[in-house]
Enquirer: 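Attaching a single structure in structure tokens format; questions to follow.
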Amino acid sequence: KRAESYYVDNTYGLPIHTFEVDSCVFKGRDTASILFISGNVYQAVCKVDRCFFEMSGTLSFTDADTMIINRCTFVNSPYLSLFKLGIVTSLYTIFKNSYIKRGRNELINTRKIKIFNSILESPSLERCISNLETMHNSLVIARSLNTSTEPISIKNSILIDTDGGGFVGPFTPTSIDHSFVRISCAASGIVCNNGSNLIGIDPLFRDAANGDYTLLPCSPLINAGDNSAAAGLPTDLAGNPRIQGGRVDIGPYEMPVFA
């Protein structure tokens with residue numbers, strides 16, 4: 001179905017433990033795409049699956065524990081100068097197999113967020129993600145990543161800093177391994193396991209200028225990841241089997257084995 005916004009307020013109703021939004025299109029000028037108030041239900045879960053958002057993209061999920069965003073695409077509305085994906089939860093937002101496409105400004109803001117098999121393009125935004133905790137097999141293009149003071153673990157991911165000023169804030173304890181970093185880890189404010197990371201080389205994307213971040217057959221990111229970090233990820237962002245050739249690739253896409 002098609003709508004500018006969807007609102008559920010269960011503050012005074014029966015407890016809703018799971019609220020699901022599946023295969024919906026949200027387009028328009030509204031500033032709130034989905035607003036779900038669970039009524040202080042313990043362990044309530046909101047699932048947003050296979051949805052397309054072309055608007056301000058504010059997802060507000062309050063008084064509950066977990067929001068799961070899976071196989072969704074977010075793009076800028078032609079009517080708005082600001083793209084904002086704001087999520088409020090008590091515990092976690094899990095963002096997987098999803099794509100925030102390049103636009104004017106983009107933001108993910110929640111208490112704790114985990115990102116898997118996803119792409120976040122925000123080349124001009126100073127702070128792309130707030131309160132990130134875990135990122136595996138994903139790609140981020142932004143001026144900076146995070147301003148949280150909580151530890152961040154990044155594995156099998158691609159980090160592209162667009163202004164060279166450092167990717168992570170100086171007060172954010174961050175560890176990264178088996179990943180690609182465009183500039184040096186020291187300049188990015190990151191503690192790197194330099195024996196496993198690829199730094200400052202050409203990742204050999206197929207057509208990055210047009211948003212195609214799949215890897216060319218000769219990319220150094222192929223078979224360069226950590227299989228343990230890909231546990232629980234049976235497929236990549238495109239739906240292909242996640243581990244091919246015996247070792248996982250770095251980034252959101254897994255390349256097939258070439259004969």
Side-chain angles (χ1 to χ4, degrees), residues 70 92 94-100 108 112-122 128-129 131-142 144-146 148 150-162 164 166-169 172-206 208 212-258:
N70 184 38
Y92 284 105
I94 300 172
F95 193 87
K96 58 183 181 179
N97 304 311
S98 295
Y99 195 171
I100 297 182
I108 293 180
K112 291 184 179 180
I113 188 165
K114 297 184 177 184
I115 301 176
F116 306 101
N117 276 347
S118 295
I119 296 177
L120 296 90
E121 287 186 279
S122 182
C128 179
I129 308 171
N131 300 317
L132 176 66
E133 182 182 83
T134 303
M135 178 188 295
H136 291 176
N137 287 99
S138 294
L139 181 152
V140 176
I141 301 174
S144 63
L145 178 66
N146 195 84
S148 172
E150 297 297 320
I152 302 173
S153 175
I154 300 174
K155 296 184 178 181
N156 298 347
S157 294
I158 300 169
L159 306 180
I160 299 178
D161 173 9
T162 57
F167 204 77
V168 179
T172 304
T174 304
S175 65
I176 176 171
D177 62 78
H178 293 87
S179 295
F180 168 81
V181 181
R182 189 182 71 85
I183 61 175
S184 71
C185 290
S188 295
I190 298 172
V191 177
C192 280
N193 175 0
N194 287 320
S196 67
N197 292 307
L198 303 175
I199 301 172
I201 61 176
D202 187 347
L204 295 177
F205 297 126
R206 187 170 299 278
D212 184 353
Y213 298 104
T214 57
L215 304 176
L216 292 172
C218 50
S219 169
L221 278 60
I222 295 175
N223 294 333
D226 178 3
N227 285 359
S228 65
L233 302 178
T235 60
D236 67 0
L237 179 57
N240 299 315
R242 178 27 98 178
I243 298 179
Q244 301 189 42
R247 188 172 175 184
V248 68
D249 297 346
I250 291 175
Y253 296 110
E254 191 80 12
M255 297 309 295
V257 177
F258 293 92

Enquirer: To the closest 0.5 Å, what do you measure between OH (Tyr92) and NZ (Lys112)?
Expert: 4.5 Å
Enquirer: Calculate, to the nearest 0.5 Å, the distance between atoms CD and CG belonging to Glu254 and Asn137 respectively.
Expert: 7.5 Å
Enquirer: Hey, are the side chains of Phe205 and Leu215 touching, using non-hydrogen atoms and a 4.5 Å cut-off?
Expert: yes
Enquirer: Do Tyr213 and Ile141 have side-chain heavy atoms sitting under 4.5 Å apart?
Expert: yes
Enquirer: Any idea which heavy atoms bring Pro241 and Gln244 closest together, and the distance?
Expert: O-NE2, 3.2 Å
Enquirer: Name all residues meeting the side-chain hydrogen bond (donor to acceptor under 3.5 Å, both in side chains) criterion together with Thr235; count only those two or more places apart in sequence or in a different chain, and write none if there are none.
Expert: none
Enquirer: Closest heavy-atom contact between Ala224 and His178?
Expert: O-CD2, 3.6 Å
Enquirer: State, yes or no, whether a side-chain contact exists between Leu233 and Val248 at a heavy-atom distance under 4.5 Å.
Expert: no
Enquirer: Could I get the full list of side chain to side chain contact (heavy atoms under 4.5 Å, CB included) partners for Asn223, not counting sequence neighbours?
Expert: Arg247, Asp249
Enquirer: Measure across Gly246 and Asn227 and return the closest heavy-atom pair with its distance rounded to 0.1 Å.
Expert: O-ND2, 3.1 Å
Enquirer: Could you tell me if Asp226 and Asn156 have a donor-acceptor pair between their side chains, going purely by distance under 3.5 Å?
Expert: no
Enquirer: Examine distances only and state if a side-chain atom of Ser138 and a backbone atom of Ser157 form a donor-acceptor pair shorter than 3.5 Å.
Expert: no
Enquirer: Hey, what do you get for CG (Leu139) to CD1 (Ile250), rounding to the nearest 0.5 Å?
Expert: 11.5 Å
Enquirer: I'd like to know if the side chain of Ser219 and the backbone of Pro203 have a donor-acceptor N/O pair within less than 3.5 Å.
Expert: yes
Enquirer: Do you know the tightest heavy-atom contact between Arg206 and Pro217?
Expert: NH2-CD, 4.3 Å
Enquirer: When you measure from the side chain of Asn197 to the backbone of Ser179, do you find a donor-acceptor pair of N or O atoms at a distance under 3.5 Å?
Expert: yes
Enquirer: Return the NZ to CD1 distance between Lys114 and Ile94, rounded to the nearest 0.5 Å.
Expert: 6.5 Å
Enquirer: So how far is it from Thr134 OG1 to Phe95 CZ, rounded to the nearest 0.5 Å?
Expert: 15.0 Å
Enquirer: Under the side chain to side chain contact (heavy atoms under 4.5 Å, CB included) rule, collect the residues that match up with Ala238, sequence neighbours excluded.
Expert: Asp236, Asn240, Tyr253
Enquirer: Rounded to the nearest 0.5 Å, what separates atom CG in Leu237 from atom OG in Ser98?
Expert: 7.5 Å
